[in-house]
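In what follows, every chain begins at residue 1, and chains take the letters A, B, ... in the order their sequences are listed.
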Amino acid sequence: MPRTRVYEAVTERLEILDIEGRVDGPLMPELSADQVRGLYRDMVMMRAFDDKALKMQRQGRMGTWPPIRGQEAVQAGVALAMGDQDWLIPAFREHGVMVLRGCPLHLIFAYWAGDERGSAFPEGVRCFPVAVPVGSQWQHGAGVGLSLKLQGEDAAAVVFGGDGSTSEGDFHEALNCAGVFQARTVFVIQNNQWAISVPLHRQTASATLAQKAHAYGIPGVQVDGNDVFAVYSAAREALDRIRAGDGPTLLEAVTYRLGDHTTADDASRYRDPDELREWELRDPILRLRRYLESSGLWDSARGEVLEEEARAWVDAQVEKFEAMPPQEPGELFAYMYAEPTPIIREQEAALLEEVQG
Amino acid sequence: MPRTRVYEAVTERLEILDIEGRVDGPLMPELSADQVRGLYRDMVMMRAFDDKALKMQRQGRMGTWPPIRGQEAVQAGVALAMGDQDWLIPAFREHGVMVLRGCPLHLIFAYWAGDERGSAFPEGVRCFPVAVPVGSQWQHGAGVGLSLKLQGEDAAAVVFGGDGSTSEGDFHEALNCAGVFQARTVFVIQNNQWAISVPLHRQTASATLAQKAHAYGIPGVQVDGNDVFAVYSAAREALDRIRAGDGPTLLEAVTYRLGDHTTADDASRYRDPDELREWELRDPILRLRRYLESSGLWDSARGEVLEEEARAWVDAQVEKFEAMPPQEPGELFAYMYAEPTPIIREQEAALLEEVQG
Amino acid sequence: MKSDPAGSGSPDRRGLHAVPEAATEKLTIARAIRDAMRDEMARDERVIVLGEDVGIDGGVFRATEDLIEQFGPDRVIDTPLAESAIVGMSVGLAATGLRPVCEIQFMGFVYPAINQLFGHAARLRNRTRGGLSVPMVVRMPYGGGIHPPEHHSESYESLFLNTPGIKVVVPSNPYDAKGLLISAIRDDDPVLFMEPKRIYRAFRSEVPVEPYTVPLGSAAIAREGDDVTLIGWGAMARLCLDAAEVLAHEGVSAEVVDLRTLNPLDRETLLASVVKTGRAVVVHEAPRTNGFGAEVSALINEHAMLQLLAPVERVAGFDVVFPLAKQEHLYLPSRERVIRSVKKALAF
Amino acid sequence: MKSDPAGSGSPDRRGLHAVPEAATEKLTIARAIRDAMRDEMARDERVIVLGEDVGIDGGVFRATEDLIEQFGPDRVIDTPLAESAIVGMSVGLAATGLRPVCEIQFMGFVYPAINQLFGHAARLRNRTRGGLSVPMVVRMPYGGGIHPPEHHSESYESLFLNTPGIKVVVPSNPYDAKGLLISAIRDDDPVLFMEPKRIYRAFRSEVPVEPYTVPLGSAAIAREGDDVTLIGWGAMARLCLDAAEVLAHEGVSAEVVDLRTLNPLDRETLLASVVKTGRAVVVHEAPRTNGFGAEVSALINEHAMLQLLAPVERVAGFDVVFPLAKQEHLYLPSRERVIRSVKKALAF
Ligand SMILES: Cc1ncc(C[n+]2csc(CCOP(=O)(O)OP(=O)(O)O)c2C)c(N)n1
Ligand SMILES: Cc1ncc(C[n+]2csc(CCOP(=O)(O)OP(=O)(O)O)c2C)c(N)n1
Ligand SMILES: [Mg+2]
Ligand SMILES: [Mg+2]
């Protein structure tokens with residue numbers, strides 16, 4: 001009786017694909033050659049449009065852009081694990097998984113260029129818009145997961161957030177409520193180890209972020225976020241658990257922000273270049289490429305085709321984005337309420353009179 | 001490498017004094033007979049003024065009152081462990097520990113009767129006022145603990161909250177920041193298992209509240225909150241850790257709210273009477289009384305003296321409280337700013353003119 | 001528009017329009033609110049209720065009493081103690097097909113939910129160009145008069161009126177309470193529904209048994225008059241009626257405009273009355289500075305300056321923290337203060 | 001009071017009063033703000049700075065640049081990403097002997113801190129009858145004009161002006177920025193310090209090298225005139241000066257009142273100017289409805305109705321969500337809109 005153990009906490013980390021591109025056989029998920037090549041393709045596409053966006057920003061053709069360089073494996077792996085009817089609730093550094101879930105790239109460009117239409121996704125695309133207030137989206141993830149449960153839908157909510165966002169109260173409330181309600185939600189932390197200039201160890205004293213799941217009575221697992229197979233397996237497992245009615249999971253993907261926080265940031269002010277070099281060696285794309293090559297699933301010919309394909313696709317999306325006619329002034333008012341209120345009507349009329357001279 | 005354990009920890013529960021009043025020898029803290037009798041005295045005093053407040057409320061002499069019945073051991077045990085210079089940051093059900101820390105009972109009566117002067121504690125009493133917004137005080141606990149550290153004070157902050165308050169985002173942010181800053185703070189959860197009508201298992205899915213400490217990289221321990229020796233030992237240990245510079249601790253004291261949530265509540269609407277009876281058997285005062293008697297530290301004579309003492313003290317405090325002259329109308333404005341602003345002056349003048357007819 | 005001295009909220013034109021010959025029953029505001037939720041939950045299975053203690057306890061003011069018995073714990077959900085979660089999860093619930101009616105136990109505890117209310121509930125439709133919307137109601141008791149602890153008496157409506165995207169509704173009687181809440185639940189945008197707790201059970205009045213709506217954005221002329229317009233909402237609309245009654249005996253004919261909805265605001269009814277009487281006194285419990293009374297005053301001056309016979313008077317709380325029980329009476333607008341302001345306007 | 005066409009904020013009477021013959025340097029608003037913190041930290045070791053990225057990064061707008069080098073990580077503290085903690089912990093820090101100057105990275109992210117700001121920072125002194133106080137400054141960049149992502153352009157001042165207990169300060173030039181921030185840091189109550197990010201680096205002007213104060217609660221006549229009073233704060237005070245300049249060429253003499261502090265408000269200076277000119281146009285970036293312009297309009301009408309030659313005009317944002325970059329220009333008050341409102345008032 002006196003000193004008893006009332007809880008034993010264990011948190012595991014999953015790794016399958018190492019830096020040399022070797023995989024841990026028994027843990028390797030069952031994926032067809034096409035699926036594996038598909039993952040590689042997805043990541044290369046992400047890298048391509050991310051680079052393009054940065055270039056456009058320097059040219060004044062794009063607004064503030066948060067690069068995803070280095071985080072492609074998390075986004076490709078989770079996307080592959082998700083089902084058609086699953087909801088995606090992004091933070092603001094999820095362009096990759098958003099595109100894979102059906103958000104047209106030209107709209108994502110439009111959004112970051114300062115056009116609200118960039119968050120008007122096509123009918124049927126189950127994706128929330130970017131959530132700028134850090135951490136706030138965790139609550140939506142819990143809410144959508146509860147909604148799916150209440151409505152008896154065989155689907156899940158997958159909500160993303162960064163390491164920094166785990167410090168916000170909303171992270172806690174969302175995971176705690178998800179635990180109580182057994183919401184159909186997977187909480188994915190893209191732990192890129194930095195929140196602008198604040199490194200993870202100044203963000204929390206916990207050894208891992210995955211272990212925070214112990215506070216909510218839900219499973220938590222850490223994966224090497226630059227290992228697309230580990231990400232896929234863990235996400236798949238979490239989603240299977242939901243489909244089996246076993247509730248939410250916290251998934252921490254340890255990755256690294258290879259770029260600046262955004263194009264408005266200069267990471268060299270606060271980050272050690274050696275750390276950056278360190279992590280460039282762990283590039284998730286490089287790693288998968290090595291695996292593909294060593295397992296004979298790839299060759300330079302495929303490589304060139306893909307490069308070309310990526311360039312063409314990105315250019316086409318840029319064209320589509322830049323061909324968008326400007327929004328009408330009236331759109332400033334059109335979506336405030338289902339039915340415009342008198343003051344909205346009055347103010348819209350005043351603006352239209354002003355712009356029409 | 002593949003599946004590795006990245007975190008492994010346990011959460012312990014401490015119990016020393018059982019329901020029959022028997023103690024676990026090796027764990028029994030070193031306390032003099034007077035100290036033990038003092039703890040009993042403190043708890044009896046709490047029970048006495050709590051009952052009195054309830055009676056006054058029924059008589060219309062008191063406002064809404066949150067009873068502490070059943071939670072006396074947590075408050076007496078923590079109070080005994082605290083040092084002179086330590087700060088107390090209460091929630092709203094800490095009248096017991098507040099009195100022991102030097103807040104005059106007549107002021108606590110005044111506060112709950114609706115008089116702001118009830119939170120104007122005597123010079124030198126290091127105690128925050130009641131915090132009504134649930135969970136908000138956790139942040140103050142972290143802030144005061146950081147303040148003491150930055151100012152190099154050999155003191156600690158002890159902040160209280162209920163089980164329900166652990167669901168608020170502020171609980172999370174405060175403990176996370178305390179972990180990062182190694183604040184000199186002890187976070188005490190009075191887990192009385194109910195948040196008004198919501199039982200603990202609907203508040204969180206975690207098996208214990210103490211295990212939430214794993215999310216913050218700080219020690220967490222659960223104690224039998226109706227066991228004053230366990231509470232004292234755990235609090236003492238946490239405070240020693242702070243004095244040794246080893247940072248914050250989360251202390252969960254499992255107790256039970258024997259009364260209604262407040263005098264505005266009727267717990268019979270939502271609580272099983274059997275559960276109540278169950279817990280009445282675990283009454284912390286009864287338990288300590290048994291220990292005192294079996295160890296020859298007590299007899300009925302002492303009992304009568306104490307009863308009489310308690311009655312006299314409470315009555316005197318009630319008298320003092322009821323003898324307080326009403327606040328001046330001007331006090332509505334006097335403390336808004338160090339220097340009243342013009343609008344405050346103007347409005348005060350208007351009110352005074354009105355009341356002076 | 002028929003005058004309504006008792007302010008029992010017997011149907012005004014718009015109200016009647018919704019219920020021609022309805023059978024009625026005498027209800028308190030609290031019960032009318034409960035019935036509105038009950039009727040809508042019965043009518044539309046997408047409607048759910050969530051909040052702290054809304055289940056078996058029936059809400060600390062019993063506004064959700066018996067709902068869990070009737071609709072079960074999947075539609076009447078006791079949440080953990082977390083306001084940001086209550087509203088934030090409701091954003092997720094509402095955007096994916098449900099119609100959450102959430103309760104914040106007291107308006108004094110809405111602050112933790114502000115980020116979700118303003119940052120998302122009020123913006124999601126606009127952010128997605130109509131792709132996602134948030135048909136959600138956030139109910140909360142507000143206002144003074146019940147002598148509770150700190151944070152249980154505040155009126156924060158002004159906080160919600162400089163941030164577009166959330167409608168703000170404040171009933172003053174059982175009829176409006178039920179009709180407005182049904183409209184709010186059926187509305188496709190977030191609605192903040194403020195409930196005047198001091199009159200939850202202060203009186204009963206006739207309420208149609210059948211569901212009906214009182215449209216959002218329509219003020220009511222609660223009493224007709226010619227000399228001055230008293231403008232209020234919630235419990236203060238009642239106070240205005242009391243003051244008007246007293247003034248009548250002194251030969252002053254006061255018209256009372258019960259705004260009922262602060263956003264959208266029924267400026268026509270408001271301005272028409274002031275143009276008619278030439279004097280206006282706006283009354284609210286919130287502190288005076290930058291309260292919604294300032295907006296009402298500014299609007300009147302912008303649209304009816306030349307018809308004004310005296311400056312618009314504001315009767316409001318002082319610019320101080322809402323006091324604890326013993327000084328509450330010094331803080332709250334009183335009938336006497338309203339009358340004094342009316343006389344000041346008349347003497348201008 | 002000397003006129004100041006450039007609006008460079010060269011010391012007005014009160015300012016001069018604080019610095020008789022001081023040596024000056026040309027600084028931007030951002031640098032003046034940094035210097036104010038630096039000087040106060042050097043003067044008073046109780047002053048600490050905390051917030052997100054205020055350390056080695058020097059703040060995302062560089063407003064805390066080099067402070068950590070000079071004062072170290074115990075006085076310039078990078079916090080976890082948690083606004084409620086930044087303010088909530090600061091309440092604990094301030095109540096126990098320190099003087100925290102915390103930064104909220106953008107005003108759009110102050111919502112999570114509202115509960116601590118309104119629930120505690122604004123109330124602790126009153127709650128304890130003066131026993132505990134909260135000498136804290138909460139700095140935050142606000143306002144539009146820089147084409148950032150969502151939530152980075154808002155002006156929420158009105159949110160803070162119906163809740164007593166927090167002072168609200170908004171500088172419009174480097175001189176005031178430094179003098180007002182020093183006053184705010186020395187003030188014994190919580191001060192919300194709003195920084196007009198669009199003009200952080202828009203221009204430099206003379207700022208005394210030595211510490212000095214601009215008292216809270218004093219407005220400045222940024223430009224003298226006779227026909228109309230333009231009222232603004234922060235970036236909009238600059239806009240008013242631009243408009244006044246153009247109007248001057250058209251023969252309209254506009255006086256510009258830069259409120260500088262919204263609470264406490266310098267009603268004397270404001271009302272005296274309006275009484276003199278007989279016309280008022282108040283300008284703010286926040287949405288029109290229930291913005292602080294409503295309070296200004298209500299006050300003017302209450303105190304100067306008979307001197308008014310035209311209704312008080314409000315030039316403000318629309319009642320919509322602050323748009324993303326591409327439509328920002330449609331939302332923000334423009335010089336043209338100010339001029340149009342002036343002409344409307346003149347033609348009334
Ligand atoms: C509530 C809130 N506070 C501050 C910010 C400013 N901000 C934007 S991103 C960011 C850091 C986020 O770090 P993390 O969660 O790790 O995501 P990452 O940027 O690394 O992807 C901050 C502080 C914000 N957007 N929202
Ligand atoms: C932010 C906030 N939300 C709601 C309330 C209303 N309320 C007061 S106490 C309480 C329950 C608190 O439960 P717990 O934290 O377990 O403390 P206990 O009452 O059991 O001591 C609630 C919901 C409040 N005071 N503050
Ligand atoms: Mg990060
Ligand atoms: Mg409890």
**Study point:** Heavy-atom proximity to chain C below 4.5 Å, by part of B/E346
**Key:** neither
Check your understanding: Do C/R337 and B/E354 sit within salt-bridge range, that is, some charged N less than 4.0 Å from a carboxylate O?
Key -> yes
Check your understanding: Would you say C/D53's side chain and B/S197's backbone share a donor-acceptor pair under 3.5 angstrom?
Key -> yes
Point to revise | Distance, nearest 0.5 Å, that separates CD1 of C/I86 from OG of B/S167 | key: 10.0 Å
Revision key, fill the gap. When the 4.5 angstrom heavy-atom criterion is applied to B/I196 and chain C, the contacting part is both
Practice item. Can you spot which of B/R269, B/R202, B/R271 makes a salt bridge (Lys or Arg N to Asp or Glu O under 4.0 Å) with C/D57? Key: B/R269
Exercise for review: Could you walk me through whether B/Q347 and C/D319 pass the side-chain contact (heavy atoms from CB on, under 4.5 Å) test, one step at a time?
Suggested key: CA-CA 8 Å; B/Q347 294 182 355; C/D319 288 322; 2.9 Å; yes
**Study point:** Heavy-atom contact with chain B under 4.5 Å, split by part of C/F109
**Key:** side chain
Review point. Which residues, numbered in order, of residues 145-157 of chain C come under 4.5 angstrom of chain B by heavy-atom distance?
Key: C/P149, C/E150, C/H151, C/H152
Check your understanding: Which atoms of B/L332 come close to chain C, meaning under 4.5 Å heavy atom to heavy atom: side chain ones, backbone ones, both, or neither?
Key -> both
Review point. Where on B/V198 is there a heavy atom nearer than 4.5 Å to chain C: the side chain, the backbone, both, or neither?
Key: both
Point to revise | Under 4.5 Å from any heavy atom of chain B - which part of C/E83 | key: both
Check your understanding: Can you name the residues of residues 335-342 of chain B that have some heavy atom under 4.5 Å away from a heavy atom in chain C?
Key -> B/M336
